[in-house]
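Notes follow once the structure below has been shown.
Read the numbers this way: they start at 1 and go in the same order the structure lists the ligands and their atoms. Position 1 is the first residue of the sequence, and the numbers go up from there.
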Amino acid sequence: MTVTTRGTLPSYLTEGRAVFPEGFIWGAATASYQIEGAVRDGGRGPSVWDTFSRTPGKVASGHTGDVACDHYHRYAEDVRLMAGLGLGAYRFSISWPRVQPDGSGPVNTRGLDFYDRLVDELGDAGITPYVTLYHWDLPQTLEDRGGWTSRDTAYRLAEYAEVVHGRLGDRVRNWTTLNEPWVQAFLGYGSGVHAPGRTDARSALLASHHFVLAHGLATQALRAAGAQEIMLVINSSPVMTPEQVQDPAAEVSQADAEAVHRVDCLLNRQILDPVLRGEYPAEVLEIVERHAGLGHIHDDDLRAINQPTDLIGVNYYNPCVVRSSPGEPADSAWPGSEGIAFPRLEVPKTAMGWPIVPAGLSRLLLRLSQDYPEVGLMVTENGAAFEDVVTEAEPGGRVHDADRTAYLESHLRAAHAAVEGGADLRGYLVWSLLDNFEWAEGYHRRFGIVHVDFATQRRLLKDSAMWYRGVIEENGLA
Ligand code: GCO
């Protein structure tokens with residue numbers, strides 16, 4: 001079924017030229033556990049996602065990443081696909097348990113060999129690698145020692161960063177320390193929807209601090225090793241009331257304004273302020289102290305965390321919608337959100353049930369560039385799952401994913417509007433290159449611009465991929 005989103009959008013999100021500044025980076029993103037498969041090959045150790053996906057009831061239909069897109073064996077074919085689309089950049093993540101099966105100590109050179117071959121293949125194709133060191137697949141051994149609730153894990157990430165840089169640093173310029181620390185901390189340790197599946201507010205808050213500490217320590221290690229560009233990728237969303245989604249200038253009651261402010265502190269500033277300003281908002285400290293005490297925040301931590309960071313990578317899918325709701329208990333993913341509801345919006349949604357609000361991306365990029373002017377921005381993920389249908393009757397098969405193309409087009413226009421408004425946006429990476437293992441949803445949700453038949457591993461460009469090739473050629477919507 002095609003969801004028509006266009007009728008509900010203002011015209012600047014649906015029509016007119018939107019050409020980006022010269023040198024704008026166009027690419028696509030993936031993550032190791034979601035595409036590689038080969039979980040027992042080449043000396044790889046188990047990760048928390050192997051354990052979690054094997055635990056009954058955690059992932060839809062009991063799906064696992066055991067085979068996924070078999071990218072570990074098919075990477076050369078996948079790089080050829082990227083080259084065919086004209087991608088200038090490819091963001092992928094390194095599987096920590098391939099490189100250090102136990103998360104520390106001995107290095108598995110066969111694991112590094114895989115990424116070495118991938119980076120060379122990209123180089124030959126003229127595609128710039130954007131390496132994410134950590135996209136959620138923590139070595140299980142480290143989880144057994146406390147995972148991200150343990151301060152030691154932050155030091156282990158820095159050590160691992162240095163190992164990977166030692167092998168790839170001659171060819172890789174851009175290094176992302178972490179992908180979406182908020183999601184890992186609060187869905188992994190708070191609501192338990194993601195691995196390792198713990199459900200405890202205190203653990204989630206400890207994890208959140210240890211993530212930003214890990215970013216700071218890994219940044220120091222990477223800089224010392226000569227890394228040129230450091231990025232932190234976050235799941236940043238503008239926090240808004242339902243009325244503000246309809247009309248950005250809508251009046252907001254004092255109670256709703258307080259709800260917006262508190263959730264913005266939890267989602268965005270809990271991560272960005274320590275990293276970019278060297279401090280936590282007072283509202284965050286008050287919530288942390290109430291649930292976890294402050295003993296885990298050591299005296300010099302904020303100095304260690306506040307390292308020069310070149311780019312913030314923004315993964316944007318939808319806004320975070322809140323309103324004041326006296327008496328509401330805190331959501332398990334949001335310790336400190338007592339008295340706040342997260343209402344569903346009456347707007348078109350993707351197959352994930354996520355509301356489609358492209359204007360939220362403009363608002364977010366402009367806000368980040370105003371509040372944190374010293375850092376460059378990159379959209380490191382944006383995309384949508386829809387119910388794709390392969391039309392085999394057409395030669396070679398086709399996927400007419402008009403709703404995905406409409407989603408991407410409206411968000412590109414929103415990104416362009418932010419550039420026009422002064423946001424320092426350097427590039428845009430589609431999530432995702434390939435249909436893949438969508439975490440707790442398994443293979444039921446398809447985000448790719450390339451369709452993957454998981455039974456045969458056939459790759460098929462969807463219409464959105466061909467549309468994106470044209471966008472890249474024109475440097476936007478011409
Ligand atoms: C993310 C994740 C991706 C998801 C995507 C869709 O960073 O949230 O990087 O792995 O697949 O966001 O949920």
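- Residue Trp354 places no N or O, backbone or side chain, under 3.5 Å from any N or O of ligand 1.
- Shortest contact from atom 11 (O) of ligand 1 to any protein heavy atom: Glu438 OE1, 2.6 Å.
- Shown in contact with Phe447 at under 4.0 Å from a heavy atom are these atoms of ligand 1, numbered in order with element: 6 (C), 13 (O).
- Under a cut-off of 6.0 angstrom, the local environment of CZ in Arg171 is crowded, with over 12 non-hydrogen atoms contributed by other residues, nucleotides or ligands.
- Near Glu180, the atoms of ligand 1 lying under 4.0 angstrom from a non-hydrogen atom of the residue are 1 (C), 7 (O), 8 (O).
- Summary of contacts: the protein heavy atom closest to atom 10 (O) of ligand 1 is Gln34 OE1, 2.6 Å.
- In this structure, His135 has a heavy atom closer than 4.0 Å to ligand 1.
- The protein heavy atom nearest to atom 2 (C) of ligand 1 is Glu381 OE1, 3.3 Å.
- Side-chain contact between Tyr115 and Arg98 is present, with at least one heavy-atom pair separated by less than 4.5 Å.
- Residue contact check for ligand 1: Asn315 places a non-hydrogen atom closer than 4.0 Å to it.
- Annotation: Arg367, atom CZ; neighbour count of heavy atoms from other residues, nucleotides and ligands within 6.0 Å is above 12.
- Ligand 1 is approached by Asn179 to a heavy-atom distance shorter than 4.0 Å.
- Taking only nitrogen or oxygen atoms, main chain and side chain alike, Trp136 does not reach within less than 3.5 Å of ligand 1.
- Of the protein's non-hydrogen atoms, Tyr317 OH, 3.2 Å is the one closest to atom 5 (C) of ligand 1.
- Using a 4.0 Å cut-off between charged nitrogen and carboxylate oxygen, Asp388 and Arg404 count as a salt-bridge pair.
- No salt bridge links Asp50 with Arg40; every basic N to acidic carboxylate O contact stays at or beyond 4.0 Å.
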task: Using the side chain to side chain contact (heavy atoms under 4.5 Å, CB included) rule, take Phe342 and Cys320 through it: C-alpha gap first, then chi angles, then the decisive distance, then the call.
output: CA-CA 8 Å; Phe342 295 83; Cys320 180; 4.1 Å; yes
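- In this structure the side chain of Val471 never reaches within 4.5 angstrom of the side chain of Tyr428, judged on heavy atoms.
- Side-chain atoms of Tyr316 and Val357, non-hydrogen and from C-beta on, do get closer than 4.5 Å to each other.
- Proximity to Trp431 (heavy-atom distance under 4.0 Å) selects the following atoms of ligand 1: 3 (C), 4 (C), 5 (C), 6 (C), 10 (O), 11 (O).
- When only interatomic distances are considered, the shortest N/O to N/O separation between Asn436 and ligand 1 does not fall below 3.5 Å.
- Looking only at atom types and distance, the side chain of Thr30 has no donor-acceptor partner in the side chain of Ser432 under 3.5 Å away.
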